[in-house]
Colleague: 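Encoded as C-alpha cells, here's the structure I'll be asking about.
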Amino acid sequence: MRDKIVQEQPVFRQPKLLDLSDPELYLSVLDSLTNLLKSRDQILIDTFRQEVSAVIAREALYYLLIETLSCLAETDFATFLWALHHYDADFYIAFKREMAVVASRRLIEHGLIPGKDFSTLPSGGLMVHQTAQAILLESPSALSLQLFREILHVFD
C-alpha cells in the first residue's frame with residue numbers, strides 16, 4: 001500500500017480586531033488618525049486604509065472617521081475639507097447618504113413634505129426649496145453645517 005502524501009495547507013487566521021472599548025486605545029487611534037489626515041499624504045493614508053481594515057471593524061472605523069472629522073471641522077477646517085474629499089470615495093458617498101437621511105428627518109420634523117419641499121438624490125444629495133435650505137443651515141456645529149452644504153441642491 002502506498003503512503004499517501006498529505007500536503008499541509010497553510011492556515012491563515014483572521015487577525016484579532018482591536019477592542020476600541022478601551023478608552024486609552026480609542027483615544028490613541030483617534031489621535032493617530034487625526035495626525036494622519038493632517039499629513040494629507042495620500043500614499044500613507046491609502047496604506048493605513050489597507051492595513052487598518054484587518055484590525056478595526058469597518059463600522060468602528062466609520063465612526064472613528066466621523067469623530068475625527070468632527071474634531072477637524074472645529075480645529076482645522078481646511079484639513080477637514082481635504083479629508084472629507086480624499087480619504088475614501090466609498091466613505092464620502094456613504095457619509096453623504098447618511099447626512100441626506102439626517103437632513104430629511106430634520107425637514108420632516110419642521111413640517112416639510114418629501115417630494116414637494118425636498119427630494120433625496122441617489123448620490124446622497126438633497127434637492128431643497130430655499131425654506132428647507134434655511135432650516136438646515138441653522139445647524140449648531142461646523143461639521144453639520146459643512147455637510148449640509150455638501151449635499152444641498154437648491155431649486156425654486
Side-chain angles (χ1 to χ4, degrees), residues 9-110 112 114-115 117-128 132-154:
Q9 296 294 323
V11 177
F12 294 102
R13 294 183 186 184
Q14 181 71 20
K16 185 177 178 186
L17 296 178
L18 294 177
D19 179 11
L20 294 176
S21 64
D22 173 12
E24 191 173 310
L25 178 60
Y26 182 83
L27 291 174
S28 175
V29 172
L30 192 63
D31 188 47
S32 296
L33 183 56
T34 300
N35 290 330
L36 176 69
L37 294 176
K38 284 182 177 183
S39 78
R40 298 188 193 190
D41 182 335
Q42 194 65 54
I43 293 171
L44 191 60
I45 290 169
D46 291 344
T47 301
F48 169 82
R49 280 192 0 250
Q50 290 172 351
E51 292 179 4
V52 78
S53 65
V55 294
I56 297 178
R58 186 174 177 87
E59 186 175 318
L61 180 59
Y62 181 81
Y63 289 108
L64 274 167
L65 281 167
I66 291 172
E67 188 163 349
T68 301
L69 287 173
S70 181
C71 292
L72 287 171
E74 300 294 333
T75 61
D76 186 347
F77 199 73
T79 297
F80 158 74
L81 287 176
W82 184 91
L84 184 63
H85 292 275
H86 291 90
Y87 179 79
D88 181 320
D90 291 336
F91 169 77
Y92 180 64
I93 291 167
F95 205 38
K96 281 179 58 174
R97 287 183 177 143
E98 190 170 313
M99 285 306 297
V101 169
V102 169
S104 296
R105 286 182 183 151
R106 182 179 287 180
L107 294 173
I108 291 168
E109 287 171 359
H110 279 84
L112 277 69
D117 299 312
F118 68 94
S119 298
T120 57
L121 302 173
S123 63
L126 203 61
M127 294 286 295
V128 298
Q133 178 187 26
I135 290 168
L136 293 175
L137 296 182
E138 293 174 354
S139 182
S141 76
L143 176 66
S144 295
L145 184 61
Q146 181 58 37
L147 292 174
F148 286 145
R149 285 184 181 142
E150 292 277 331
I151 65 169
L152 294 180
H153 302 276
V154 181

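FYI, side chains are in, hydrogens and waters are out, and symmetry mates aren't considered; it's all heavy atoms of this structure.
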Colleague: Does a side-chain heavy-atom distance below 4.5 Å link Gln133 with Leu126?
Modeller: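 Heavy-atom side-chain distance check fails, nothing below 4.5 Å.
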
Colleague: Measure from the ring center of Phe77 to the ring center of Phe80 and say whether it is less than 6.0 Å.
Modeller: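 Aromatic pair counts; centres sit under 6.0 Å.
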
Colleague: To the nearest 0.5 angstrom, please state how far the CG atom of Leu137 sits from the CG atom of Leu145.
Modeller: 6.0 Å

Colleague: Please name the pair of heavy atoms, one in Met127 and one in Leu121, separated by the smallest distance, quoted to 0.1 Å.
Modeller: CG-CD2, 3.6 Å

Colleague: Once rounded to the nearest 0.5 Å, what's the spacing between atom CG of Leu107 and atom OG1 of Thr120?
Modeller: 11.0 Å

Colleague: Report yes if the side chains of Phe95 and Ile151 come closer than 4.5 Å at any heavy-atom pair, otherwise no.
Modeller: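 No, side chains not in contact.
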
Colleague: How many angstroms lie between atom CG of Leu33 and atom CG of Leu69, to the nearest 0.5 angstrom?
Modeller: 8.0 Å

Colleague: So how far is it from Leu37 CG to Leu65 CG, rounded to the nearest 0.5 Å?
Modeller: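 Leu37 CG to Leu65 CG: 7.0 Å, rounded to 0.5 Å.
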
Colleague: Evaluate the ring planes of Phe48 and Tyr87, with Trp represented by its six-membered ring, and classify them as parallel (under 30°), tilted (30 to 60°) or perpendicular (over 60°).
Modeller: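 Rings of Phe48 and Tyr87: perpendicular, over 60°.
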
Colleague: What pair of heavy atoms forms the shortest contact from Ser39 to Leu36, and how long is it?
Modeller: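 So the two residues come closest at OG-O, 2.6 Å.
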
Colleague: For Gln42, give me all partners under side-chain contact (heavy atoms from CB on, under 4.5 Å), at least two apart in sequence or on another chain.
Modeller: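 side-chain contact (heavy atoms from CB on, under 4.5 Å) list for Gln42, sorted by chain: Ile45, Asp46, Arg49, Trp82, His86.
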
Colleague: Using the rule given for side chain to side chain contact (heavy atoms under 4.5 Å, CB included), can you reason through Glu150 versus His85, listing the C-alpha separation, both sets of side-chain angles and the distance that settles it, and then say yes or no?
Modeller: CA-CA 10 Å; Glu150 292 277 331; His85 292 275; 3.1 Å; yes

Colleague: Between Leu72 and Lys38, is the side chain to side chain contact (heavy atoms under 4.5 Å, CB included) condition met? List the steps.
Modeller: CA-CA 9 Å; Leu72 287 171; Lys38 284 182 177 183; 3.8 Å; yes

Colleague: Can you measure from CZ (Phe91) to CD1 (Ile66) and round to the nearest 0.5 angstrom?
Modeller: 5.5 Å

Colleague: CG/Asn35 to CG/Leu30 distance, rounded to the nearest 0.5 angstrom?
Modeller: 10.0 Å

Colleague: Determine yes or no for a side-chain-to-main-chain donor-acceptor pair under 3.5 angstrom, with Ser32 supplying the side chain and Ser28 the backbone.
Modeller: yes

Colleague: Report all side-chain donor-acceptor pairs from residues 96-105 shorter than 3.5 Å, counting only partners two or more places apart or in another chain.
Modeller:
residue : atom : partner : partner atom : Å
Arg97   : NE   : Pro122  : O            : 3.0
Arg97   : NH2  : Pro122  : O            : 3.2
Glu98   : OE1  : Tyr62   : OH           : 2.7
Ser104  : OG   : Ala100  : O            : 2.8

